[in-house]
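Remarks on the structure that follows.
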Amino acid sequence: MTEESQEGVSPEGIPQPEGAVHLIDTDYEIGQDNVEGTLGPIGFDIHNPVFVVSGACIVAFVFYALALPEQAGALFSWLFSAVTKGFDWFFLGAANIFVLFCLLLIVTPWGNVRLGGSEAVPDYSYIGWFAMLFAAGMGIGLMFYGVSEPMSHYSSAIGGTAVENGLRTDWAPLGGAQGDEAAAVRLGMAATIFHWGLHPWAIYAVVALALALFSYNQGLPLTIRSAFHPIFGDAVWGWVGHVIDILAVFATLFGLATSLGFGATQANAGLNELFGLPIGPTTEVVLISVITAVALVSVVRGLDGGVKVLSELNMGLALLLLLFVLLVGPTIYLLKLFVSSLFAYIEYLPSLSNPLGREDVNFMQGWTSFYWAWWISWSPFVGMFIARVSRGRTVREFVVCVLLIPSMVCVLWMSVFGGTALHQVVNDGYTVAQDANLELKLFKMLDVLPLAGITSLVGIILVIVFFVTSSDSGSLVIDTITAGGKIDAPVPQRAFWCIFEGAVAIVLLLSAGGLQSLQSMVISTGLPFTIVLLLMCIAIAKGLTAERRLGK
Amino acid sequence: MFKKIVVPVDLTHADRLSKALGVAADMASQHGAEVCYVGVTTSTPGGIARTPEEYTQKLTAFAGEQGESRGITTSSHTIISHDPSAQMNRELEAAVEKLGADLVIMASHVPNVSDYVWSGHGAHIAAHSPVSVMLVRD
């Protein structure tokens, strides 16, 4: 995108930009803490000390998990269950606040503020924008849980409740629906959509909006610490900010590396099913290397030539697969299910999202609280990537497009994939998909539809490309944070993060239980980030008020 | 012979450009050509400017100063890039074509080992642009 220069502007000082924005007054100059130089022939431009400290912490944690696997495993799994069980009310309550806050932004005049100033034009078309939202946010999850989650909730709901010593021991959502198939389907779909609908997208929207607002409108660097400027003032340029940024890099890299590791085992199972590829560490290491290599090519090609192209390709493929399943599956049943699931979601939303006095403890802690912690620990990465591609949209447009439309797409996706699988179980008595391992459920479901060979291959490609886009956008985000918010750091630097992430994934994969224990640790970082997100809501409100005042 | 000379400039490292700027000014006076300074910025805040508009104003000012001190006709053009470190080459190439330039003069570093993997901006433009390109080594 180019823009002709304007004539007749004053050459002196820092001018006010065209269109109303409220630049925050700070003495901080972006890049002032950066170390620029060359290492041999390769140039670098990194933030000191964020780059070094986060790199060292990551290596230290990997060593810890490798050297003392049992101790690390025990510690992290204790941490994980303490966080998701002890703070379940906090996660559920906070997520509700995020949803309400986002809905409030749509209906109040705050929604009129445009990201990037009142004259800004959008950087990306709707198609490219949506494609990137999904590719970074939840593409892989939809592939794996689209079939499995509705069935899990359906099975546990139809099984009914079981009480031991006054505590529920079953995993059914709410009160379950013992023996009632239709009610169990409704409840199962509502519970699934609850985990993939408004709440996760509201979490992403809050982080993305905070970063976009403070960067595009208020002139602060595109990095997590900037959202805290209204609260901590110029102290964010010191250690307070370093800690926030390091924590974000840490959560992002381990989040990506562990899901890359698990993803490799899942993709391996799928490839074994399709082509009889052997299951084992060799294949998995090769898969991680291939995914990292493709991601490397993509990061080197840049945002528009790499991740955008791949995201659009994947969105097209996912859409084709969705249409195919919808048309060759039980079409009328699925369309009816879509509508009834939507209503079931709205009906059960208040009780599912209720943070206090719940009886379905296993469901609430094991599913909902786990999911919320997971989405929140991913939010710095996804939020920052969404912010990067959202300049030029108004706040209202942004919230509608990041919250409402993706939620609807998830409802549709879950209805079609989960619904087909449920239909197979309830009406046809085909339970192979229900009984299969998580990573095989999608393929077993496709198995009984026509053209299974082709659709399974499309499924595998989708999974792999979603991994590539996550790894790719993750490397861009980490590179930006560790370069102090500069997005024009030398290319070898982002290549470094991309390779580093693949290497961490391989090391953890080959160690005993390393992936599991570090993933538990990453999800535990959801707790501090929940506090961070709540503060961000306040910061957004402050920032938008300042923008509005200026617009009048 | 030449009518419009494009000179890509990096305002962050303006000190390293003096040789190329001098060569461009000489060529411009010799041929009576216009010099268009092209700068690349991002829509996110950077070290030089916190908004693209601010960058554009700085670049316009830079072009004005150059024109005044060297007695040549100047203009400027801002490229807003989503990802400059990876896409700048292609975007510069497109800008050269769009501006209708017939000569590109740019500063370039002495090639080293890393140029085998990541070639410099100058090398890329010289290899891909249909117009004449002059690389001035620093």
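Within every chain, numbering begins at 1; the chains are lettered A, B, ... in the order of the sequence lines, protein sequences first and strands thereafter. If you're wondering where the values come from, they're calculated on a predicted model, not measured in any experiment.
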Write down the atom of [X], the atom of [Y], and the distance for their closest heavy-atom approach.
| X | Y | answer |
| --- | --- | --- |
| A:Ile487 | B:Pro84 | O-CD, 4.1 Å |
| B:Ser43 | A:Arg391 | CB-CD, 3.2 Å |
| B:Arg90 | A:Arg301 | NH2-O, 3.0 Å |

Using 0.5 Å steps for rounding, measure from the OG1 atom of B:Thr51 to the CD atom of A:Glu119.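 So the OG1 of B:Thr51 and the CD of A:Glu119 are separated by 12.5 Å.
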
Taking only distance into account, with no hydrogens and no angle test, what donor-acceptor pairs under 3.5 Å do side-chain atoms of residues 471-484 of chain A form with protein atoms, sequence neighbours excluded?
residue: A:Ser471; atom: OG; partner: A:Glu501; partner atom: OE2; Å: 3.2
residue: A:Asp472; atom: OD2; partner: A:Ser298; partner atom: OG; Å: 2.1
residue: A:Ser473; atom: OG; partner: A:Thr469; partner atom: O; Å: 2.6
residue: A:Ser473; atom: OG; partner: A:Ser470; partner atom: O; Å: 3.4
residue: A:Ser475; atom: OG; partner: A:Ser471; partner atom: O; Å: 2.7
residue: A:Asp479; atom: OD1; partner: A:Gln493; partner atom: NE2; Å: 3.4
residue: A:Thr480; atom: OG1; partner: A:Leu476; partner atom: O; Å: 2.8
residue: A:Thr482; atom: OG1; partner: A:Ile478; partner atom: O; Å: 2.8
residue: A:Thr482; atom: OG1; partner: A:Asp479; partner atom: O; Å: 3.2
residue: A:Thr482; atom: OG1; partner: A:Trp497; partner atom: NE1; Å: 3.2

Apply ring pair (Phe, Tyr, Trp, His ring centres under 6.0 Å) to A:Phe381 and list each qualifying residue two or more places apart in sequence or on a separate chain.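 Result, ring pair (Phe, Tyr, Trp, His ring centres under 6.0 Å) vs A:Phe381: A:Trp378.
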
Check whether any side-chain N or O of B:Ser85 sits under 3.5 Å from a backbone N or O of A:Val491 as a donor-acceptor pair, and report yes or no.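 Not a single qualifying donor-acceptor pair exists.
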
So, the side chain of B:Arg50 versus the backbone of A:Leu220: is there a donor-acceptor pair under 3.5 Å, distance only?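 Checked: no pair found.
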
Can you find a pair of side-chain heavy atoms, one from B:Asp83 and one from A:Arg494, that are under 4.5 Å apart?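 Heavy-atom side-chain distance check passes, below 4.5 Å.
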
Among A:Leu303, A:Asp304, A:Asp488, who wins on heavy-atom pairs under 4.5 Å with chain B?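 So the answer, after comparing A:Leu303, A:Asp304, A:Asp488, is A:Asp304.
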
What part of A:Ala120 gets within 4.5 angstrom of chain B, counting heavy atoms only: side chain, backbone, both, or neither?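 Neither the backbone nor the side chain of A:Ala120 comes within 4.5 Å of chain B.
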
With chain A as the partner chain, list the residues of residues 22-39 of chain B whose heavy atoms fall under 4.5 Å from it, by residue number, and write 'none' if nothing qualifies.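 Answer by number: none.
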
Can you name the side-chain contact (heavy atoms from CB on, under 4.5 Å) partners of A:Met315, sequence neighbours left out?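 Partners of A:Met315 by the side-chain contact (heavy atoms from CB on, under 4.5 Å) criterion, ordered by chain and then number, come out as A:Ile127, A:Phe130, A:Ala131.
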
